[in-house]
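Taking it in order: structure first as structure tokens, then the write-up.
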Amino acid sequence: MTHFERPIERRGSNSIKWDAILQTYNEENLLPLWIADMDFQAPEGVLAAYQKLIAHGVLGYAETPESLYRAIIDWENEQHHLALEKKDILFFSGVLAGITTAIQAFTDRDDAILIHDPVYPPFATIITNNQRKLVRSRLREEKGRFVMDFADIEEKFNQQRVKAMILCNPHNPGGRVWSKEELQRLGELCKKYAVLVLSDEIHQDLVFPPYEMTSFFCAGTDFSDFSLQFTSMTKTFNLAGIKNSVVFVKNKALREQLLRKQAANFQHEINTFGLVGMEAAYQTGKDWLSELLPYIRSNVTYLLEFFQNHLPKVKIMIPEGTYLLWLDFSAYGLSDEALENRLVHTGKVVLNPGVSYGSSGKQHMRLNVACPQSVLAEGLRRIATALNE
């Protein structure tokens, strides 16, 4: 695990996480614990595959090799007990691109699409940008973890005539790994009200034992008839910049409809680096991932102990998966703007404002622990400085 301890200088690399904060906040020497990429080098097998590609020297058009399909099928079967065939796999430049195309393919203008609150902010953006009606169902907090409000979901499905739902599994920002029983209950409601499920499962590999990832497909014998699964290795192996993702569509009619919209948008050409990186990650990255998860969990433990000792008023939602933590600062009585300003301009540390995830995110922040523990320790010290001034 020593390679995760080594700080890597990312400033000056056009990193959104590290370089965009000066423009965003107009403040020097900020430490980012925000945007969801990791401050770790990609697996050696991926870097070796890229070195081989560059050494060849020709970067022309590339087709999707059979070996990549096999790598995806094997990974999903071995890691998530999800059985796939080649025909079930479609490629997009990213998960959001795939979800956007699905919204265009399966819904019409002013159709209602439901998301949870709080949840990953771009879900709301792509719904409204495509002139669909945004409907939110607020997650309830019980015993320090989010749970779905099934009564509220059913009421909104019925009254708002919801056409589709974007599900985040595992959940960002709460770190919930939805159980099979929860997904079954949700799926039965979706089936009852003819709601198409667009399941974002990009964090599927970042799950801590004893919790187990259940794909929405696997939660019910017929759930693949009314759902699509979106994922990518980019989150798992810190390859977000290569822009490649997959959509699993088992239902033939849904697949053909999505393919037509993909062709209409001319989205079928996939980045060569994405193809190479995805295959190499799935073929060679298992050992790297097996070392990453305990390191992230050790960072979570370090953070929990720090807050208990120095900032006990902050309520922390302990993640079951992902490397993201949901922090409740409401005990300090600060507005969202005041809280962010205190962290940025006094503490010189940047977290994601919780209010951007929905109205229930007020007085919350999302923190990314996927960095060397020395970097995390400095970030936590800065948070304490900001709040204990």
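Judged by distance alone, with hydrogens and angles left aside, the side-chain atoms of Asp88 form a donor-acceptor pair with the main-chain N or O of Glu85 at under 3.5 Å. Remark: the backbone N or O of Ala281 is not paired with any side-chain donor or acceptor of Thr284 at under 3.5 angstrom. The main-chain N or O of Ala240 is never found under 3.5 Å from a side-chain atom of Thr234 such that the two would form a donor-acceptor pair. Looking only at distances, a side-chain donor or acceptor of Lys235 sits under 3.5 Å from a matching main-chain atom of Ala36. A donor-acceptor pair is defined here as one N or O able to donate and one able to accept, closer than 3.5 Å; no such pair exists between the side chain of Asn238 and the backbone of Ala42.
Between Phe208 and Val177, the closest side-chain pair of non-hydrogen atoms is not below 4.5 Å. Using a 4.5 Å heavy-atom cutoff, the side chains of Leu96 and Phe123 are in contact. Residues Arg185 and Met148 fail the side-chain proximity criterion, which asks for heavy atoms closer than 4.5 Å. Counting heavy atoms from C-beta on, the side chains of Leu324 and Asn352 never come closer than 4.5 Å. In this structure the side chain of Val195 never reaches within 4.5 angstrom of the side chain of Leu189, judged on heavy atoms. Residues Leu167 and Leu183 are in side-chain contact: their nearest non-hydrogen atoms beyond the backbone lie under 4.5 Å apart. Side-chain contact check for Leu139 versus His171: some heavy-atom pair is nearer than 4.5 Å. In this structure, the side chains of Asp39 and Lys17 come closer than 4.5 Å at one or more pairs of heavy atoms.
Here the CG atom belonging to Asp111 is positioned 10.5 Å from the CD1 atom belonging to Ile103, to the nearest 0.5 angstrom. Distance check: Asp336 CG to Phe329 CZ gives 11.5 Å after rounding to the nearest 0.5 Å. To the nearest 0.5 Å, the span separating NZ on Lys348 from CD1 on Ile21 amounts to 10.5 Å. Between atom CG of residue Leu186 and atom OG of residue Ser227 there is a gap of 10.5 Å, rounded to the nearest 0.5 Å. One distance of note links CD of Glu28 with CG of Leu30; it measures 8.0 Å at 0.5 Å rounding.
Under the 4.5 Å side-chain heavy-atom criterion for ILVMFWY residues, a single connected hydrophobic cluster contains both Leu206 and Met278. The hydrophobic clustering, which links ILVMFWY residues whose side-chain heavy atoms are closer than 4.5 Å, places Leu84 and Val197 apart. Val95 and Leu90 fall within a single hydrophobic cluster, where Ile, Leu, Val, Met, Phe, Trp and Tyr side chains are chained together by heavy-atom contacts under 4.5 Å. Under the 4.5 Å side-chain heavy-atom criterion for Ile, Leu, Val, Met, Phe, Trp and Tyr, Val119 and Leu325 are members of distinct hydrophobic clusters. The hydrophobic cluster containing Ile72 also contains Phe217, counting ILVMFWY residues as joined when their side-chain heavy atoms lie under 4.5 angstrom apart, directly or transitively.
Shown here are the side-chain contact (heavy atoms from CB on, under 4.5 Å) partners of Leu304, two or more places apart in sequence or in another chain: Val300, Ile316, Ile318.
Between Trp75 and Phe237, the ring planes are perpendicular. Angles over 60° get that label, and only those under 30° would be called parallel. Below 30°, between 30° and 60°, or above 60°: for Phe306 and Tyr302 the angle between ring planes is below 30°, a parallel geometry.
The neighbour count for Lys87 NZ, taken as heavy atoms of other residues, nucleotides or ligands under 6.0 Å away, is above 12. No more than 12 heavy-atom neighbours from other residues, nucleotides or ligands sit within 6.0 angstrom of CD1 on Ile16. No more than 12 heavy atoms of other residues, nucleotides or ligands lie within 6.0 Å of CG in Asn14, so this atom counts as exposed by the packing criterion. Environment of CD in Glu9: crowded, with over 12 heavy atoms of neighbouring residues, nucleotides or ligands closer than 6.0 Å. Counting non-hydrogen atoms of other residues, nucleotides and ligands closer than 6.0 Å to CG of Asn26 gives a total of 12 or fewer. Environment of CD in Glu337: sparse, with no more than 12 heavy atoms of neighbouring residues, nucleotides or ligands closer than 6.0 Å. By the 6.0 Å contact criterion, CD on Gln308 is open, its count of non-hydrogen atoms from other residues, nucleotides or ligands being 12 or less.
A donor-acceptor contact closer than 3.5 angstrom links the side chains of Ser359 and Asp117. A donor atom on one side chain and an acceptor atom on the other are not found under 3.5 Å apart for Tyr61 and Glu269. Checked by atom type, the side-chain pair Tyr332/Gln363 shows no donor-acceptor distance below 3.5 Å. Between the side chains of Tyr295 and Gln373, no donor N or O sits under 3.5 Å from an acceptor N or O. Side-chain atoms of Gln104 and Asn130 include a donor-acceptor pair closer than 3.5 Å. Side-chain atoms of Ser199 and Asn169 include no donor-acceptor pair closer than 3.5 Å.
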Notebook entry, point to check: Can Gln204 and Gln79 be said to form a side-chain contact (heavy atoms from CB on, under 4.5 Å), step by step?
Noted result: CA-CA 9 Å; Gln204 63 176 359; Gln79 299 295 317; over 6 Å; no
Check: Can you list the steps and then say if Asp205 with His80 is a side-chain contact (heavy atoms from CB on, under 4.5 Å)?
Finding: CA-CA 8 Å; Asp205 300 308; His80 305 297; 2.7 Å; yes
Next item on the list: Take Arg366 and Asn172, measure what side-chain contact (heavy atoms from CB on, under 4.5 Å) needs, and give me the verdict at the end.
Entry: CA-CA 9 Å; Arg366 190 193 74 172; Asn172 172 10; 3.0 Å; yes
Next item on the list: Quick one: do Ile383 and Met365 satisfy side-chain contact (heavy atoms from CB on, under 4.5 Å)? Show the steps, please.
Entry: CA-CA 11 Å; Ile383 294 172; Met365 288 279 173; over 6 Å; no
Check: Taking it one step at a time, do Lys180 and Glu212 satisfy salt bridge (Lys or Arg N to Asp or Glu O under 4.0 Å)?
Finding: CA-CA 9 Å; Lys180 184 174 183 179; Glu212 294 184 358; over 6 Å; no
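Each of Arg136, Arg138, Arg140 was scored for a salt bridge (charged side-chain N to carboxylate O under 4.0 Å, His left out) with Asp149, with one residue passing: Arg140. Each of Val247, Leu239, Ile242, Ile202 was compared with Ser232 under the side chain to side chain contact (heavy atoms under 4.5 Å, CB included) criterion, and only Ile202 meets it. When each of Leu258, Thr100, Asn244 is checked for a side chain to side chain contact (heavy atoms under 4.5 Å, CB included) with Phe92, only Leu258 meets the rule.
Electrostatic pairing of Arg381 and Glu378 counts as a salt bridge here, judged by a charged N lying under 4.0 Å from a carboxylate O. Using a cutoff of 4.0 Å between basic side-chain nitrogens and carboxylate oxygens, Arg10 and Asp37 are scored as salt-bridged.
Between Trp288 and Phe4, the distance from one ring center to the other falls under 6.0 angstrom. Aromatic pair Phe91/Tyr69: centroids less than 6.0 angstrom apart.
Listed here is the closest heavy atom pair of Ile153 and His116: CD1-NE2, 3.8 Å. Counting all heavy atoms, side chain and backbone alike, Thr322 lies closest to Gly175 at OG1-CA, 4.0 Å. When all heavy atoms of Arg176 and Phe146 are compared, the closest pair comes out as NH1-O, 2.7 Å. Here the closest heavy-atom approach between residue Glu182 and residue Ser179 is recorded as OE1-N, 2.8 Å.
Phe226 does not carry Lys191 over the face of its six-membered ring by the limits of under 6.0 Å from the centre and within 45° of the normal.
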